[in-house]
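On a predicted model such as this, the values are computed, not experimentally measured, just so you know. For ligands, and for the atoms within them, numbers begin at 1 and follow the listed sequence. Positions are given from 1, in the same order as the sequence printed here.
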Amino acid sequence: MTGPKELEKEVLIKGLCTGCGACIEFCPYIDIVNDHAVIIEYCGLSEGKCYDLCPMTYDIPYERISALRPDIALGPKISIFAARARNLEIRSTAQYGGVVSTLVAYAIDSGKIDKAVLTKYSYNLVPTPIIAKDKEEVFMCAGSKYTPCPVLSGVNRLLTERGGEICIVGTPCQVIAARKMQRYTERIKLIIGLFCTWILSYDGFYEYLNERMDVESIIKFEIPPPPENVFIIHTKKGEIHFPLDDIRRFIPPACNICTDMTSEFSDISVGMVEGMKDWNTVITRTHLGDELVQNAEDDGMIEIRSLEEERIEGLREASMKKKRGAHVKRGDGFW
Ligand SMILES: Cc1cc2nc3c(=O)[nH]c(=O)nc-3n(C[C@H](O)[C@H](O)[C@H](O)COP(=O)(O)OP(=O)(O)OC[C@H]3O[C@@H](n4cnc5c(N)ncnc54)[C@H](O)[C@@H]3O)c2cc1C
Ligand code: SF4
Ligand code: SF4
């Protein structure tokens, strides 16, 4: 039996909902409240898409990319390198090198996809799914929001409308849910995954910030790599630093048992490059993703350079650290 009651028992009651939004919109009995799914009423069915799509029910969709030989730390990959947007304006608003925004805009402009489901702040720094149809709308969503966005509820909404191929940008848990959604629809064409070590629960984090600063002045968040141990907030008046140890208490339980740091099920994964703020680490994982990146480079949208072996090894170590920590917390003794 794999329906809403099991979803409630295995995911919701244990506090393991990541707020990805995959179970939202197609069912009137489930809604999202404060970045968590809530069953408003039982629908009476013993099997449901809500359970099936949830990334925390661990029916991982290996079949989508299993043809490639996996790297145990970094997942399936064709190529790994550093890249950045050639457009300086994009780089100035993007989180790091602007590769994600550039690739999404390029995929729309070149007709490879019709629309993208991205994340933008609405009032009070609430991350909200946005359906972007052109590059201006894509660039408005640049920058990392470190609280959950129900991105896949935006995809479910889009799927109720007619036609068009869709791109999704999301964290690794959202990427897993998006792959599961591909079992039900052909319209999800491109999945761009972000690296992710953890996210912060909205309520606690917003309250923490609101008590200490003018949240209206926030331009961008930044988490430098260890050993810095600081959470930086860029504001109109300069930088504000908070101790990372203060912020960690807002990490939700799901992140502690999450084994995927580099969005292993995406077509293209993108993260930072330590010590090179306006560059991204990029991993292409499927032929679709690899071709898009190559075309974007050939057409002058992004520039690419090789990544030093020490950096790749550092990324492998960070990824394995997350996997080991998660398995220890799950208590499954796998590692
Ligand atoms: C919660 C979170 C944790 C992260 N942790 C790490 C990490 O540990 N190590 C690392 O190397 N990189 C991490 N990243 C990725 C990194 O911050 C950048 O997003 C990535 O390097 C792409 O940079 P860019 O300049 O190409 O992005 P941009 O061009 O600025 O595009 C960013 C894209 O991210 C999407 N986005 C923003 N916030 C969210 C969100 N909450 N949920 C879903 N999509 C979102 C936007 O729609 C936008 O399209 C994290 C990102 C997030 C959101
Ligand atoms: S599908 Fe996503 S939003 Fe729904 S319960 Fe699972 S993690 Fe939460
Ligand atoms: S750490 Fe894992 S569960 Fe938490 S937001 Fe990132 S991908 Fe999702």
Minimum side-chain heavy-atom gap I90-F139 below 4.5 Å: yes

Subset of ligand 3 atoms that lie under 4.0 Å from at least one heavy atom of C255: 1 (S), 4 (Fe), 5 (S)

Close approach, L200 and ligand 1, non-hydrogen under 4.0 angstrom: no

Heavy-atom nearest option to atom 1 (C) of ligand 1, drawn from I199, V99, V151: I199

Non-hydrogen atoms of E10 and K14 that approach each other most closely: O-CD, 3.4 Å

Side chain to side chain donor-acceptor pair (under 3.5 Å), paired with R285, selected from D290, T262, D267: T262

Test item: E222 and M272 side chains (from C-beta on) under 4.5 Å apart, heavy atoms: no

R311 bridged to E308 by N-O distance under 4.0 Å: yes

Part of P127 with heavy atoms under 4.0 Å of ligand 1, whether side chain, backbone, both or neither: neither

Q174 to ligand 1, any heavy atom closer than 4.0 Å: yes

Identity and separation of the nearest protein heavy atom to atom 6 (Fe) of ligand 3: C196 SG, 2.3 Å

C149 N/O under 3.5 Å from ligand 1 N/O: no

Atoms of ligand 2, numbered as shown, that sit under 4.0 Å from any heavy atom of C17: 3 (S), 5 (S), 7 (S), 8 (Fe)

Nearest non-hydrogen protein atom, atom 2 (Fe) of ligand 3: C258 SG, 2.3 Å

Structural part of K120 in contact with ligand 1, heavy atom criterion under 4.0 angstrom: neither

Ligand 3 atoms in contact with T197 (distance to a heavy atom under 4.0 Å): 1 (S)

For C141, atoms of ligand 1 separated by under 4.0 Å from a heavy atom: 46 (C), 47 (O), 48 (C)

Ligand 1 N/O within reach of T93 N/O, cut-off under 3.5 Å: no

Side-chain donor-acceptor contact under 3.5 Å, Q174 with T171: yes

Identified side-chain contact (heavy atoms from CB on, under 4.5 Å) partner of T281 from the options V273, V99, V270: V273

Within 6.0 Å of NZ in K220, more than 12 heavy atoms from elsewhere: yes

Same apolar cluster (I L V M F W Y, side chains within < 4.5 Å links), V293/I312: no

Protein residue, atom and distance nearest to atom 23 (O) of ligand 1, heavy-atom basis: N280 ND2, 3.1 Å

Criterion side chain to side chain donor-acceptor pair (under 3.5 Å) on T102 and K135, from CA distance to verdict: CA-CA 8 Å; T102 304; K135 64 176 170 225; over 6 Å; no

Sub-4.0 Å atoms of ligand 2 with respect to non-hydrogen atoms of G21: 2 (Fe), 3 (S)

Side chain proximity check, C167 to V117, heavy atoms < 4.5 angstrom: no

Which of the ligand 1 atoms, numbered from 1, are nearer than 4.0 Å to a heavy atom of G97: 25 (O)

Proximal ligand 3 atoms for I199, defined as those under 4.0 Å from one of its heavy atoms: 5 (S)

Heteroatom N/O/S of C20 within less than 2.8 Å of atom 2 (Fe) of ligand 2: yes

Side chain, backbone, both or neither: the part of T102 lying under 4.0 Å from ligand 1 by heavy atom: neither

Rounded distance [0.5 Å steps], CD1 in I191 versus CD1 in I268: 11.0 Å

Per atom 3 (C) of ligand 1, closest listed option by heavy atom (Y146, Y121, Y96, F221): Y146

Quiz item: cation-pi between R248 and F250, 6.0 Å / 45°: no

N, O or S from C54 under 2.8 Å to atom 8 (Fe) of ligand 2: no

Distance from atom 6 (C) of ligand 1 to nearest protein heavy atom, with residue and atom: F195 O, 3.2 Å

Contact flag C173/atom 8 (Fe) of ligand 3, N/O/S atoms, threshold under 2.8 Å: yes

Ligand 2 versus L152: contacting region, heavy-atom distance under 4.0 Å: neither

Closest approach of any protein heavy atom to atom 40 (C) of ligand 1, naming residue and atom: K145 O, 3.7 Å

Pick from M261, K322, M56: the one approaching atom 1 (S) of ligand 3 most closely through a non-hydrogen atom: K322

G143 N/O under 3.5 Å from ligand 1 N/O: yes

Nearest-neighbour protein heavy atom for atom 33 (C) of ligand 1, which is reported as residue plus atom name and distance: V100 CG1, 3.8 Å

L12: numbered ligand 2 atoms lying under 4.0 Å from its heavy atoms: 5 (S)

Within-cut-off N or O pair, L118 and ligand 1, under 3.5 Å: no

Protein contact to atom 19 (O) of ligand 1 [nearest heavy atom, distance to 0.1 Å]: S144 OG, 3.0 Å

Identity and separation of the nearest protein heavy atom to atom 8 (O) of ligand 1: T197 OG1, 2.6 Å

Distance from atom 29 (O) of ligand 1 to nearest protein heavy atom, with residue and atom: S101 OG, 2.6 Å

Chi angles and distances behind the ring-ring contact (aromatic ring centres under 6.0 Å, His included) call for F205, F242: CA-CA 12 Å; F205 181 58; F242 290 109; 8.4 Å; no

Test item: side-chain donor near acceptor, N124 and Y206, under 3.5 Å: yes

Nearest-contact summary for atom 4 (Fe) of ligand 2 - protein heavy atom, Å: C23 SG, 2.3 Å

S122 versus T128, side-chain donor and acceptor atoms under 3.5 Å: yes

Polar contact flag, side-chain donor to acceptor under 3.5 angstrom, N295-Y106: no

Protein heavy-atom partner closest to atom 11 (O) of ligand 1 - residue, atom, separation in Å: M272 N, 2.8 Å

Over all atoms of both residues, closest heavy-atom pair of D35 and P148: OD2-CD, 3.6 Å

Interatomic distance, I24 atom CD1 to I32 atom CD1 [nearest 0.5 angstrom]: 4.5 Å

Per-atom contacts of ligand 1 with W198, taking only distances under 4.0 Å to non-hydrogen atoms: 1 (C), 3 (C)

Exam field: side chain N280 to backbone G271, donor-acceptor pair closer than 3.5 Å: yes

Proximity winner for atom 3 (S) of ligand 3, if only heavy atoms of L16, I251, T18 are counted: T18

Residue T147 vicinity, atoms of ligand 1 by number, heavy atom under 4.0 Å: 41 (N)

Test log, rule ring-ring contact (aromatic ring centres under 6.0 Å, His included), inputs Y42 and Y29: CA-CA 7 Å; Y42 292 116; Y29 299 99; 9.4 Å; no

